[in-house]
Amino acid sequence: MRNKSFPLIISLLVLALVSLALAGGIGRKIHLDRSSHQMALEITESLFRERTLESLFRNGHSTLLQSTSEKQWQRYLDLLGRLGSLDYIHSITGRTTVPLLPDRGREILAGYDIDVQFSNSAADIAIDLIYERGSWKVASYIVSSGLTDN
């Protein structure tokens, strides 16, 4: 009897361990979904309500910060000033890629599309984030509007 139940016990223990790992992964995914969503909104509000690049620089990924100088970012922010003041955010949609089981070699990414209304125009914002060393970093931030495309 003992020999027949041993494989069953081992199988149940393995199943329990996998279930615990999945439960932890699901909890982590929920947390990262919320925190990336919040980061996308905070960066957008900081750029357009406070008209400052500080939040973007503080939370920028190295690839973003190395590809564009601070002077170029300031010109970009000045160009975005044509949009007027930020009236409201229509919607934010997006996704995260978070493995449910631990996978140290896989990047955790998030991307959001934000539809916003400014006093002079509507705009679409695309923001990509990378989770690195315990926090989200902005990998790209693109604003599209008829007023800024000219």
Side-chain angles (χ1 to χ4, degrees), residues 11-150:
S11 297
L12 289 174
L13 285 173
V14 168
L15 182 61
L17 288 174
V18 169
S19 296
L20 284 174
L22 279 174
I26 290 169
R28 183 169 186 244
K29 178 166 178 37
I30 290 169
H31 167 72
L32 291 174
D33 283 348
R34 286 181 184 153
S35 63
S36 64
H37 184 271
Q38 181 179 351
M39 169 69 78
L41 290 175
E42 285 176 2
I43 295 290
T44 299
E45 290 181 348
S46 174
L47 278 172
F48 296 107
R49 291 200 198 281
E50 300 168 18
R51 296 283 182 197
T52 178
L53 294 165
E54 180 184 329
S55 183
L56 185 64
F57 290 150
R58 187 176 58 248
N59 297 294
H61 189 265
S62 60
T63 57
L64 176 77
L65 299 176
Q66 292 170 359
S67 67
T68 309
S69 72
E70 187 172 344
K71 190 174 183 177
Q72 289 170 313
W73 275 112
Q74 189 58 54
R75 272 191 252 140
Y76 185 58
L77 186 62
D78 293 343
L79 173 67
L80 295 177
R82 292 183 190 175
L83 298 170
S85 60
L86 177 63
D87 289 342
Y88 55 92
I89 296 173
H90 285 286
S91 65
I92 178 170
T93 57
R95 77 243 167 260
T96 58
T97 57
V98 180
L100 294 181
L101 293 175
D103 184 356
R104 293 190 187 273
R106 188 168 167 200
E107 279 189 320
I108 297 173
L109 306 171
Y112 291 95
D113 295 314
I114 307 171
D115 293 325
V116 295
Q117 181 62 51
F118 292 93
S119 58
N120 298 330
S121 178
D124 297 314
I125 299 169
I127 181 171
D128 292 316
L129 306 168
I130 298 174
Y131 192 74
E132 189 174 83
R133 295 185 190 121
S135 64
W136 287 105
K137 300 294 180 187
V138 180
S140 70
Y141 194 93
I142 301 167
V143 180
S144 299
S145 169
L147 287 180
T148 60
D149 294 339
N150 298 328

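Counting from 1, the numbers follow the sequence of the chain as shown. What you are looking at is a predicted structure, and each value in this text was computed from that prediction instead of being measured. Scope of the values below: all heavy atoms of this structure, side chains included, with no hydrogens, waters or symmetry mates.
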### Query
Roughly how far, to the nearest 0.5 Å, is CG of Leu65 from CZ of Arg58?
12.0 Å

#### Entry: Working for side chain to side chain contact (heavy atoms under 4.5 Å, CB included), residues Val138 and Ile43
CA-CA 9 Å; Val138 180; Ile43 295 290; 4.1 Å; yes

### Query
Does Leu129 reach the side chain of Met39, with side-chain heavy atoms less than 4.5 Å apart?
yes

### Query
Of all heavy-atom pairs between Arg49 and Leu86, which one has the smallest distance, and what is that distance?
NH1-O, 3.2 Å

### Query
How long is the gap from CG on Asp115 to CD1 on Ile92, to the nearest 0.5 Å?
10.0 Å

### Task
Would you check if the side chain of Thr97 reaches a backbone N or O of Leu109 as a donor-acceptor pair within less than 3.5 Å?
yes

#### Entry: Rounded distance (nearest 0.5 Å) linking atom CG of Asn59 with atom OH of Tyr141
12.0 Å

### Backbone of Val98 reached by a side-chain donor or acceptor of Thr96 within 3.5 Å
no

## Note on the structure
Heavy atoms of Leu47 and Leu77 approach each other most closely as O-CD1, 3.8 Å

### Message
Looking at Asn120 and Arg82, would you say the former's side chain and the latter's main chain have a donor-acceptor pair under 3.5 Å?
### Response
yes

### Query
So, does Arg95 use its side chain to make a donor-acceptor pair with the main chain of Ala110 at under 3.5 Å?
no

### Query
Any donor and acceptor pair, going by atom type alone, linking the side chain of Glu45 with main-chain N or O of Glu42 inside 3.5 Å?
no

## Note on the structure
Heavy atoms of His61 and Ala139 approach each other most closely as CB-CA, 4.1 Å

#### Entry: 4.5 Å side-chain heavy-atom contact, Asp87 and Phe118
no

### Query
Ser144 and Asp124: side-chain donor and acceptor closer than 3.5 Å?
no

### Task
Output yes when a side-chain donor or acceptor of Ser121 lies under 3.5 Å from a complementary backbone atom of Leu83, and no otherwise.
no

### Summary
Residues Leu64 and Ser140: closest non-hydrogen pair is CD1-CA, 4.1 Å

## Note on the structure
Tightest non-hydrogen contact, residues Tyr112 and Ser36, listed as OH-OG, 2.6 Å

### Task
Check the side chains of Thr93 and Asp113 for a donor-acceptor pair under 3.5 angstrom, ignoring hydrogens and angles.
no

### Derivation of the side chain to side chain contact (heavy atoms under 4.5 Å, CB included) call for Phe48 and Val116
CA-CA 11 Å; Phe48 296 107; Val116 295; over 6 Å; no

### Message
Quick check: closest heavy atoms across Gly81 and Arg51, and the distance to 0.1 Å?
### Response
CA-NH1, 3.7 Å

### Message
Quick check for you: to the nearest 0.5 Å, what is the distance between Gln38 atom CD and Asp33 atom CG?
### Response
13.0 Å

### Query
Taking the side chain as C-beta and beyond, is there a heavy-atom pair between Leu56 and Trp73 under 4.5 Å?
yes

### Task
Say whether Thr68 and Tyr76, considering side chains only, have a donor N or O and an acceptor N or O under 3.5 Å apart.
no

### Nearest-0.5 Å distance, CG of residue Leu41 to OG of residue Ser46
12.5 Å

### Query
What do you reckon, is CZ of Arg34 surrounded by more than 12 foreign heavy atoms closer than 6.0 Å?
no

